[in-house]
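Accompanying notes for the structure given below.
All heavy atoms count here, side chains included; hydrogens, waters and symmetry mates do not.
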2 protein chains.
Amino acid sequence: MNVHDIIKHGSDYFLPNLSIDLVIIGYHEHKLKCLLLKIGDKWILPGGHIKIDESLDVAVKRILKFRTGLEEPYMKFLAIFGDKDRKFDKDFKQFFEDKGIPWGEDYWINNRFITLTFYSLVDIDNTQPVLGEFDEAFEWFDFDDLPDMWLDHKSIVNSARNRLKEDVKYEQITYNLLPEQFTMPQLHQLHQTILEEKVDRSRFQKKIIATGLLERLSLLNKDSPGRNPYQYTLRKRDS
Amino acid sequence: MNVHDIIKHGSDYFLPNLSIDLVIIGYHEHKLKCLLLKIGDKWILPGGHIKIDESLDVAVKRILKFRTGLEEPYMKFLAIFGDKDRKFDKDFKQFFEDKGIPWGEDYWINNRFITLTFYSLVDIDNTQPVLGEFDEAFEWFDFDDLPDMWLDHKSIVNSARNRLKEDVKYEQITYNLLPEQFTMPQLHQLHQTILEEKVDRSRFQKKIIATGLLERLSLLNKDSPGRNPYQYTLRKRDS
DNA sequence: CCAAAAGTGTTCGTCGTACACCCATGT
DNA sequence: ACATGGGTGTACGACGAACACTTTTGG
């Protein structure tokens, strides 16, 4: 099956009214980032569809792996978007006409889709984004500086950002945004960025260490002034 | 459109691969209950499908209202069940053959469905369940004493029960399980039932009152021994 | 030696816990 | 009067918040 066939007859391969959109979140230089793809002059969330004979969780992992190259990324259900007027027809018409690609009202791609959204936390430096057939570029955008996006995709991104803020309070999930080895100041700064507020260093460190989830490694040699921080890594499960 | 037409050609009216299942939860005599429908010799969760030109939230409210008669029930998203082998074909074949109703492999009802599940909290005494075309009976089942159910419906019910336990810790939602006016001992007992553990009366009362969400009304006249409890009701929003 | 960064300690207040005590009602 | 059930108060401890202090490094 080729891409132009899918645009037209996607229902032959995929569940016809469902789509999956991913908010892939990274962290770089004290900023939360989100991976977007450029189609035409606007940006879009990476996503895909569920094969007719494919379980949902398999589909999500397949799409996520395809987009990031990661084997076991952290991933969590975000929300459903099911409005009846949620269609991409006008945007696609514009795009395909600009590109000189055939387009028709009855193409599958113009269907009304119910979208299942997931968010994923990744280490940017360990991620190799992959472009789809129509994607002209990818870019990690700052959450506070999003470009023009298709339809309601900007609000999906923002709901993921708010959701992350909520989840961090109850779950230990932020390690996924950092390299395998990281320092406490790094983790501390990350939490402050996510929560958008100051967090007491002393208390933070004690709380994190008290969970027993981290393993303290050797000191990191910096070349900047100040004491060298310890490095930490997520403790193995079976220990 | 009649029901036999829908079984066969449902895709003409509904999104073809999506279904909605509802875990409708009530509370009676210190027990959490769940509304189930009898089809054949097994029980099933009330549910329905999304019309082709209908928003998801409208669909859920429509189905919930149809099943309970309630205008504005409390409702919350639970989970998605999207396994590829999730089909009802064998059960339906059995049922329709027993009933002498025509059945064919290619009927819509045999599709693979991705199921969106929601849970709802209702006041049992204020709820009038409605039977669908094939439903032989409805009944409020104790969570600890569920009957034989279709497919994975029993596990859906159990995940709703666990979810409720989690949600109660962070949200004030339990009022929906009680009549409009209730007493503090009632609410206290309800929380103990949901959490399946003892809760200190004194602390509970102080915490609830401190939220400022409740309005204290007149005393309730009991005919049992002991002091008369105050009645409470949920304070109006705009006050 | 000093500034900067990392790590640890101390004090204080708030809130959850457990329990005791007081109040009202039917028998 | 007393058992039963409902409402409130108190003493204790754990934990979060704020801030101070010590340790290590580069310049």
Side-chain angles (χ1 to χ4, degrees), chain A residues 27 29-30 165-172 174-175 178-179 181-235, chain B residues 27 29-30 165-172 174-175 178-179 181-235:
Chain A
Y27 176 65
E29 290 183 348
H30 299 194
K165 197 190 281 193
E166 289 302 312
D167 289 353
V168 159
K169 294 176 186 167
Y170 303 112
E171 296 176 69
Q172 313 296 333
T174 46
Y175 316 114
L178 295 173
Q181 299 192 3
F182 52 87
T183 68
M184 201 54 82
Q186 277 182 299
L187 192 61
H188 174 240
Q189 179 56 50
L190 170 56
H191 274 244
Q192 291 194 142
T193 302
I194 294 176
L195 295 170
E196 294 181 303
E197 60 187 25
K198 293 254 178 194
V199 175
D200 185 86
R201 269 189 310 125
S202 169
R203 185 160 33 87
F204 178 78
Q205 180 138 345
K206 272 181 278 188
K207 197 167 78 179
I208 296 291
I209 289 178
T211 64
L213 291 172
L214 296 188
E215 189 175 344
R216 180 178 273 188
L217 305 174
S218 57
L219 289 170
L220 174 70
N221 282 323
K222 303 179 303 173
D223 45 2
S224 58
R227 186 170 170 173
N228 286 346
Y230 289 101
Q231 294 184 104
Y232 291 88
T233 192
L234 203 53
R235 194 183 291 276
Chain B
Y27 176 65
E29 290 182 349
H30 298 193
K165 197 190 282 194
E166 290 302 313
D167 288 353
V168 160
K169 293 175 187 168
Y170 303 113
E171 296 177 68
Q172 313 297 330
T174 47
Y175 317 114
L178 295 173
Q181 299 192 1
F182 52 87
T183 68
M184 201 54 82
Q186 276 181 299
L187 191 62
H188 175 241
Q189 178 57 50
L190 170 56
H191 274 243
Q192 292 195 142
T193 301
I194 293 175
L195 294 169
E196 294 181 302
E197 58 187 23
K198 293 254 179 192
V199 175
D200 185 84
R201 269 189 310 126
S202 170
R203 185 161 35 89
F204 178 78
Q205 180 137 346
K206 272 180 280 190
K207 198 167 78 179
I208 295 290
I209 289 178
T211 64
L213 291 172
L214 296 188
E215 188 176 344
R216 180 177 273 187
L217 306 174
S218 57
L219 291 169
L220 173 70
N221 282 324
K222 304 179 303 173
D223 46 2
S224 58
R227 184 170 171 174
N228 286 346
Y230 289 102
Q231 295 185 102
Y232 291 88
T233 192
L234 204 53
R235 194 183 292 276

(message) Side-chain N or O of Asn228(B) versus OP1/OP2 of dT25(C): is the shortest distance under 4.0 Å?
(response) yes
(request) Check whether any side-chain N or O of Gln192(A) sits under 3.5 Å from a backbone N or O of Val199(A) as a donor-acceptor pair, and report yes or no. (result) yes
(request) Measure the spacing between OG1 of Thr183(B) and CD of Gln189(B) and express it to the nearest 0.5 Å. (result) 10.5 Å
(request) Working to the nearest 0.5 Å, report the span between CG of Leu214(B) and CG of Leu234(B). (result) 6.5 Å
(request) Return yes if the base of dG9(D) and the side-chain atoms of Ser202(B) contain a donor-acceptor N/O pair under 3.5 Å, otherwise no. (result) yes
(message) Whether the side chain of Arg235(A) engages the backbone of Gly212(A) through a donor-acceptor N/O pair (distance < 3.5 Å, no angle test) should be reported.
(response) yes
(message) Using only modelled atom types and a 3.5 angstrom limit, is any donor from either the side chain of Ser224(B) or the base of dG5(D) paired with an acceptor on the other?
(response) no
(request) Would you mind reading off the distance between Lys169(A) atom NZ and dG16(D) atom P, rounded to a whole angstrom? (result) 15 Å
(request) Would you mind reading off the distance between Arg227(A) atom CZ and dT24(D) atom P, rounded to a whole angstrom? (result) 5 Å
(request) Give the rounded distance in Å between these two atoms: CG of Asn221(A) and C1' of dA6(C). (result) 14 Å
(message) Starting the side chain at C-beta, find the nucleotide from dT24(D), dT25(C), dC19(C) nearest to Pro225(B).
(response) dT25(C)
(request) Between Thr183(B) and Arg201(A), just flag the one whose closest nucleotide in DNA chain D comes earlier from the 5' side. (result) Thr183(B)
(request) Tell me which nucleotide among dG7(D), dA6(C), dA18(C) gets nearest to the side chain of Asp200(B). (result) dA18(C)
(message) Tell me the interatomic distance from Arg216(A), atom CZ, to dA6(C), atom P, rounded to whole angstroms.
(response) 14 Å
(message) The side chain of Lys206(B) is closest to which nucleotide in this list: dT25(D), dT10(C), dT10(D)?
(response) dT10(D)
(message) Taking NZ in Lys165(B) as the centre, count heavy atoms belonging to other residues, nucleotides or ligands within less than 6.0 Å. Is the count above 12?
(response) yes
(message) Rounded to whole Å, how long is the line connecting atom NZ of Lys207(B) with atom C1' of dT17(C)?
(response) 12 Å
(request) Between Gln231(B) and Gly226(B), just flag the one whose closest nucleotide in DNA chain D comes earlier from the 5' side. (result) Gly226(B)
(request) Verify the contact: side-chain N or O of Gln205(B) to OP1 or OP2 of dG6(D), cut-off strictly under 4.0 Å; return yes or no. (result) no
(request) Calculate the interatomic distance between Leu219(B) atom CG and dG7(D) atom P; express it in whole Å. (result) 8 Å
(message) Without decimals, in angstroms, what is the distance between Phe204(B) CZ and dC15(C) P?
(response) 18 Å
(message) Could you tell me how far apart Ile208(B) (CD1) and dG7(D) (C1') are, to the nearest whole angstrom?
(response) 15 Å
(message) Can you say whether a donor on the side chain of Arg203(B) sits under 3.5 Å from an acceptor on the base of dT17(C), or the other way round?
(response) no
